[in-house]
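Please read the structure below before turning to the comments.
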Amino acid sequence: MIICEVAIVYKVSEFSKMTGLSKETLRYYAEIKLLEPVYIDPGNKYRYYDNGSYLVARLLVYLRKFNFTIQEMLTVVNDESFDNLEGLIREKRQNLVEEMNRLQSIIEEMDEFFELGIGDEDHD
């Protein structure tokens, strides 16, 4: 941890442990401008993150768990007001419920298939 002009910043390794995002993921997120470091040391190219970055990183962890695509995560992060976030999460939830119902229907059809005895042949 380094104190930089009254702000606390964290090296990538520290930040990775704090957020649960791998160093590779952090590097990729920086490349696509999803979560950029607040400071890059011009001498050694070390990247540093701050507490604001931490909040965004934790949000990204949740969005990944919620099955958001990279493009959807970029949309959320670029909307700094986060006005649309709740609606997007509700939409994702509804999509998951529909997918769950679709899969449940397939499972029920499989069970019906087995109940018909199809595939149960007597081998003499």
Side-chain angles (χ1 to χ4, degrees):
M1 177 176 10
I2 296 175
I3 300 179
C4 176
E5 297 184 50
V6 190
I8 298 174
V9 294
Y10 307 94
K11 290 182 185 179
V12 171
S13 57
E14 295 170 306
F15 196 70
S16 174
K17 288 176 188 165
M18 291 168 54
T19 61
L21 296 170
S22 70
K23 293 176 192 177
E24 293 77 21
T25 297
L26 289 170
R27 192 172 297 114
Y28 175 65
Y29 283 1
E31 275 179 34
I32 62 170
K33 305 209 180 310
L34 184 58
L35 177 61
E36 297 181 80
V38 292
Y39 176 71
I40 300 176
D41 186 308
N44 57 23
K45 305 291 186 217
Y46 285 0
R47 294 168 291 139
Y48 296 93
Y49 295 87
D50 64 3
N51 289 331
S53 304
Y54 175 77
L55 296 175
V56 173
R58 292 304 303 156
L59 174 62
L60 294 175
V61 168
Y62 277 107
L63 295 180
R64 276 182 23 181
K65 287 181 185 176
F66 296 164
N67 213 26
F68 274 60
T69 64
I70 292 292
Q71 189 56 50
E72 289 168 328
M73 290 192 291
L74 279 164
T75 300
V76 168
V77 170
N78 289 332
D79 175 17
E80 294 177 5
S81 66
F82 296 108
D83 285 343
N84 301 313
L85 181 57
E86 183 179 346
L88 289 170
I89 292 173
R90 287 188 185 283
E91 183 180 325
K92 277 290 181 187
R93 184 187 184 285
Q94 183 58 39
N95 292 342
L96 287 172
V97 167
E98 290 170 9
E99 179 67 4
M100 192 171 61
N101 290 337
R102 187 185 74 76
L103 292 172
Q104 185 61 43
S105 176
I106 292 171
I107 290 169
E108 289 169 7
E109 288 180 27
M110 288 175 169
D111 291 343
E112 289 172 16
F113 178 84
F114 292 131
E115 286 174 12
L116 291 174
I118 297 173
D120 291 344
E121 296 178 11
D122 291 330
H123 297 288
D124 296 323

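Hydrogens, waters and symmetry mates are skipped; everything else that's a heavy atom, side chains included, is used.
The residue from Val76, Leu26, Leu55, Val77 that alone fulfils the side chain to side chain contact (heavy atoms under 4.5 Å, CB included) condition with Leu60 is Val77.
The number of heavy atoms from other shown groups lying within 6.0 Å of CZ (Arg93) does not exceed 12.
Here the CZ atom belonging to Arg27 is positioned 10.0 Å from the OG atom belonging to Ser16, to the nearest 0.5 angstrom. With values rounded to the nearest 0.5 angstrom, Gln71 atom CD is found 10.0 Å from Met73 atom CE. Separating the CG atom in Leu21 from the OH atom in Tyr28 is a distance of 13.5 Å, to the nearest 0.5 Å. Atom CZ of residue Arg58 and atom CE of residue Met18 lie 10.0 Å apart, to the nearest 0.5 angstrom. Note: Glu72 CD to Arg64 CZ = 14.5 Å, rounded to the nearest 0.5 Å. Here CD1 of Ile106 is found 14.5 Å from CZ of Phe113. Values are rounded to the nearest 0.5 Å.
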Do Leu88 and Leu63 pass the side-chain contact (heavy atoms from CB on, under 4.5 Å) test, and can you show the C-alpha distance, the side-chain angles, and the key distance before you say yes or no?
CA-CA 10 Å; Leu88 289 170; Leu63 295 180; over 6 Å; no
Going through the checks in order, is the side-chain contact (heavy atoms from CB on, under 4.5 Å) test met by Leu35 and Thr25?
CA-CA 10 Å; Leu35 177 61; Thr25 297; over 6 Å; no
What verdict does the side-chain contact (heavy atoms from CB on, under 4.5 Å) test give for Tyr46 and Val12, after you've listed the backbone C-alpha separation in whole Å, the side-chain angles of each residue and the deciding distance to 0.1 Å?
CA-CA 8 Å; Tyr46 285 0; Val12 171; over 6 Å; no
Step by step, work out the side-chain contact (heavy atoms from CB on, under 4.5 Å) result for Ile89 and Tyr62.
CA-CA 10 Å; Ile89 292 173; Tyr62 277 107; over 6 Å; no
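Salt-bridge annotation for Glu99 and Arg102: present, with a side-chain N of the basic residue lying under 4.0 Å from a carboxylate O of the acidic one. Between Glu86 and Arg90, at least one side-chain nitrogen of the basic residue sits less than 4.0 Å from a carboxylate oxygen of the acidic one, meeting the salt-bridge criterion.
Note: the hydrophobic cluster containing Val61 does not contain Leu96 (ILVMFWY, side chain heavy atoms under 4.5 Å, direct or indirect links). Tyr54 and Ile40 fall into different hydrophobic clusters, defined by Ile, Leu, Val, Met, Phe, Trp and Tyr side-chain heavy atoms under 4.5 Å apart, directly or through other members.
The aromatic rings of Phe15 and Tyr49 lie parallel to each other, with less than 30° between the two planes, well short of the 60° mark.
You'll find the side chain of Asn95 stays beyond 4.5 Å of the side chain of Asn67, heavy atoms only.
Considering every non-hydrogen atom in both Ile32 and Leu74, the closest pair reads O-CD2, 3.6 Å. Shortest non-hydrogen contact noted between Ser53 and Glu36 is OG-O, 4.4 Å.
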